[in-house]
Amino acid sequence: MTNWKASGLSKDLPPANVMHADWQGVDLAVWRSASGRLSAWVDRCPHRGMRLSHGFVRGETLACIYHGWTYGVTGACTHIPAHPDMTPPATITATRFEVTERGGVIWIAAKDDPTAPPDIAGFQPLRSLTVQVGEQALLQALAADAPGLTEAEGGLRGTVQIAGLDTQICLMLQPKAQETTLHILCGAGAGPAQVSRWAESLRRQIEDRSAP
Amino acid sequence: MILYDYILSASCYKVRLMAALLGIKLDLVAVDFHPGRAHKSAAFRDLNPAGSIPVLVDGDLVLTESTAMLVYLAQIAGPQWLGEASPQSAARVQNWLAFSGRLNSSLGLARLHDMLHFPADITACRTAGHLCLRELEAHLTQVRLEGRIFLEGTAPSIADIACFPNVALAPDGGVELRDYPSVRLWQRAVRSLPQFIEMPGIHRLHDLKPAPHSGAAA
Ligand code: FES
């Protein structure tokens, strides 16, 4: 069993970028420094609680957009523009989560988690797509619509017919309150463009059925 | 060239942005859209009977649709912004210009509802906005698979400028962009264009500016 949650695809977070991620209902700011180091922090600036995911990366630091407080990869505040000559106290620190990359997926876990993210070797990351149904409803729908997929660590894996080809698919699930994000990876079979269209179509079917 | 303009309007910004990217200087005439509703005044409707902004006037030419203004500006100062010459490419650019109208009547109206209390079915606006964003995300996902980033071809075009403002301002109307990673990266590419200009709610990339507090930015 893994406690790590798929939270995005590596290719969607290039160096010097920050994004929001939902981790079990906790809002996180996930960012990659210019040199490529990943961090996942609670999405709340220690200054006045504004969203760090609205900030920007400069070099190896993340700066809050609101008043420019700046944090290094350890989470410690390194600069306060209103007091440029002061060394910020060590107590001003962003709250960190564990974050790592495996198989082109960004994985997040609580601090000091002892488990490892799933091994998804052999699959190419394609895209992330959010479906407006909760995790359980989505799993039921997928069991009906894509019976070739079976539950595996972190999500589902198996073979699906796409454009007339047996296609290896891996879906990593990121459950959110009323919706679920699917991180889609593909192996041998149909091409990425076809798998992408298949996923769009599958989402429409599932949402149409669950619509009141 | 005169642009009848309102600073908070996504459609007016579209035209200001295109002009800036092309190096065209516009004479801006501020219209008191809110709260004055000056665009509905008799005098303004003598210029544009539809009572809408922006309006672009160049000599005898009076344009009242922002996408037509993009075409005009590109024709005179940067035809490469019109997209590639093939029938398919020209038609796809037109498709995006029309699509930008859908963005305006969904995401744009949601924003006017939330910011300026425009009457609207806000749930319907946001739902329609997400539908548009899904289409954009699907297309941009495909574009990225081909190693590109802009909506059509390898270079930015009027298609990007037409669609960008209402997408970038979507959070003002309660539509978050967090589930659209390719849209996020596309927006970043637009914001990185040389001579990009800002409007309230849309900022230049701060990371491209020098650090304010030290000469040696990390
Ligand atoms: S809230 Fe982040 S710097 Fe003030």
Side-chain angles (χ1 to χ4, degrees), chain A residues 8-9 11-22 27 33-35 43 53-65 68 70 72 78-85 124 126-132 174 176 179 181 183-184 191-197 199-201 203-204 207, chain B residues 123-124 126-149 168-172 175-192 196 198 200-218:
Chain A
L9 299 182
K11 65 174 182 174
D12 290 337
L13 189 65
N17 269 264
V18 56
M19 67 175 195
H20 169 274
D22 177 305
D27 287 314
S33 76
S35 75
D43 196 9
S53 59
H54 291 171
F56 58 96
V57 178
R58 185 177 268 138
E60 300 304 297
T61 62
L62 179 67
C64 177
I65 196 87
T70 300
T78 55
H79 184 74
I80 296 175
H83 303 280
D85 300 323
Q124 286 300 316
L126 175 64
R127 62 178 293 196
S128 304
L129 167 147
T130 298
V131 189
Q132 298 294 317
Q174 181 181 8
K176 302 177 181 175
E179 57 191 35
T181 299
H183 303 283
I184 304 165
Q194 288 164 322
V195 176
S196 180
R197 277 195 292 276
E200 296 269 342
S201 171
R203 171 167 67 182
R204 273 190 293 272
E207 288 181 347
Chain B
T123 309
R126 289 181 185 147
T127 304
H130 277 294
L131 206 58
C132 288
L133 288 167
R134 284 181 172 192
E135 288 178 46
L136 198 56
E137 176 73 15
H139 176 75
L140 289 168
T141 301
Q142 179 61 32
V143 158
R144 287 176 64 210
L145 287 170
E146 295 165 13
R148 302 183 288 119
I149 189 68
L169 294 166
D172 287 351
V175 174
E176 291 294 337
L177 297 169
R178 48 182 61 155
D179 289 328
Y180 306 102
S182 293
V183 170
R184 175 164 49 80
L185 293 171
W186 164 74
Q187 280 190 79
R188 212 181 142 78
V190 174
R191 292 166 74 207
S192 307
F196 180 86
E198 307 184 322
I202 302 182
H203 303 288
R204 207 169 275 129
L205 290 177
H206 288 76
D207 31 323
L208 298 183
K209 297 183 198 166
H213 53 269
S214 69

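Letters A, B, ... mirror the listed sequences (proteins, then strands); counts begin at 1.
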Peer 1: Counting only non-hydrogen atoms closer than 4.5 Å, does A:I65 touch chain B with its backbone (N, CA, C, O), its side chain (CB onward), both, or neither?
Peer 2: side chain

Peer 1: Before you tell me yes or no, could you show the steps for B:R178 and A:D27 under side chain to side chain contact (heavy atoms under 4.5 Å, CB included), namely the whole-Å CA-CA distance, both residues' side-chain angles and the distance that decides it to 0.1 Å?
Peer 2: CA-CA 11 Å; B:R178 48 182 61 155; A:D27 287 314; 4.3 Å; yes

Peer 1: Calculate, to the nearest 0.5 Å, the distance between atoms CZ and CZ belonging to A:F56 and B:R204 respectively.
Peer 2: 13.0 Å

Peer 1: Between A:D12 and B:R184, is there a side-chain heavy-atom distance shorter than 4.5 Å?
Peer 2: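 A side-chain contact exists here, since the closest heavy-atom pair is under 4.5 Å.
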
Peer 1: Can you sort out the partners of A:S196 under side chain to side chain donor-acceptor pair (under 3.5 Å), two or more places apart, ordered by chain and number?
Peer 2: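 A:R127.
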
Peer 1: Would A:K176 and B:D179 count as a side chain to side chain contact (heavy atoms under 4.5 Å, CB included) here? Give the steps.
Peer 2: CA-CA 12 Å; A:K176 302 177 181 175; B:D179 289 328; 3.1 Å; yes

Peer 1: Please report the shortest heavy-atom distance between B:L185 and A:K11, naming the atom on each side.
Peer 2: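 That would be CD1-O, 4.1 Å.
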
Peer 1: Which members of residues 139-149 of chain B, sorted by number, sit under 4.5 angstrom from chain A on a heavy-atom basis?
Peer 2: B:T141, B:Q142, B:R144, B:L145

Peer 1: Please determine whether a side-chain nitrogen of the Lys or Arg among A:E207 and B:R134 lies less than 4.0 Å from a carboxylate oxygen of the Asp or Glu.
Peer 2: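 Yes, charged N to carboxylate O under 4.0 Å.
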
Peer 1: Taking all atoms of both residues into account, what is the closest heavy-atom pair of A:E200 and B:A138, and its distance?
Peer 2: OE2-CB, 3.2 Å

